[in-house]
Amino acid sequence: MAVENIAKVALVTGGGSGIGRSICLRLALKQHKILVVDLNLKAAQETVSEIINNGGHAEAYAVDVSDNSQVLALFKSIKEQHAVDILVNNAGIAHIGNIEQTSESDLDLLYKINVK
């Protein structure tokens, strides 16, 4: 796939594994360049390798989406190189238990990652 054939640039948070990785791979099939963002850089790089090995274009980035300063710095950096056409805000965590079993720090973390 040549660079001029890139349809759009898609940024996917949580793209290093699970549903996020599947989203990245599916978007890459549509000839989009994929910006794989994940807390785990190695996992993001594995997704990028799979995309590139299948003829696509992708880049890996590590960021903790619960840290607003990291997110802002990442987007500033990416904006200098790419115009992002598609944003898939997929990063998230789960917590098992009811509200009475959940500590305040766990609730704060769930909110920072899943909502904020």
Next on the checklist: For Ala58 versus Ile52, what's the shortest heavy-atom pair and its separation?
Outcome noted: O-CD1, 4.0 Å

Item to check | Steps toward side-chain hydrogen bond (donor to acceptor under 3.5 Å, both in side chains) verdict (Gln101, His95) | outcome: CA-CA 10 Å; Gln101 299 167 327; His95 178 76; over 6 Å; no

Next on the checklist: Minimum heavy-atom separation for Ile51 and Ala28, please, with both atom names.
Outcome noted: CG2-CB, 3.7 Å

Checklist entry - Does CD1 in Ile93 sit with more than 12 non-hydrogen atoms of other residues, nucleotides or ligands closer than 6.0 Å? => result yes

Next on the checklist: Going by side chain to side chain contact (heavy atoms under 4.5 Å, CB included), Val63 matches just one of Leu72, Val37, Thr13. Which one?
Outcome noted: Val37

Next on the checklist: Does any part of the side chain of Asn89, heavy atoms only, come nearer than 4.5 Å to the side chain of Val65, both counted from C-beta?
Outcome noted: no

Next on the checklist: Quick one, Asp108 and Glu104 - any side-chain contact, counting heavy atoms below 4.5 Å?
Outcome noted: yes

Item to check | side-chain contact (heavy atoms from CB on, under 4.5 Å) evaluation trace for Val88 with Leu11 | outcome: CA-CA 6 Å; Val88 180; Leu11 186 150; over 6 Å; no

Item to check | Sole residue of Leu35, Leu87, Ile86, Ile78 in side chain to side chain contact (heavy atoms under 4.5 Å, CB included) with Val9 | outcome: Leu35

Item to check | Value rounded to 0.5 Å, distance of CG in Asp85 from CD1 in Ile6 | outcome: 10.5 Å

Item to check | 4.5 Å side-chain heavy-atom contact, His32 and His57 | outcome: no

Checklist entry - What is the distance from atom CD of Gln31 to atom NZ of Lys8, rounded to the nearest 0.5 Å? => result 13.0 Å

Next on the checklist: How close do Ser66 and Ile113 get, counting heavy atoms only, and between which atoms?
Outcome noted: CB-CG1, 3.5 Å

Checklist outcome for this item: For Asn114 and Ala91, the nearest pair of non-hydrogen atoms, with its separation, is OD1-O, 4.4 Å

Checklist entry - Are Ile23 and Ile19 side-chain neighbours, meaning at least one heavy-atom pair lies under 4.5 Å? => result yes

Checklist entry - For the atom pair CG (Leu29) and SG (Cys24), what is the distance rounded to the nearest 0.5 Å? => result 11.5 Å

Checklist entry - Roughly how far apart are Leu109 CG and Thr102 OG1, rounded to 0.5 Å? => result 11.5 Å

Item to check | Nearest non-hydrogen partners of Val36 and Gly16, listed with the distance | outcome: CG1-N, 4.0 Å

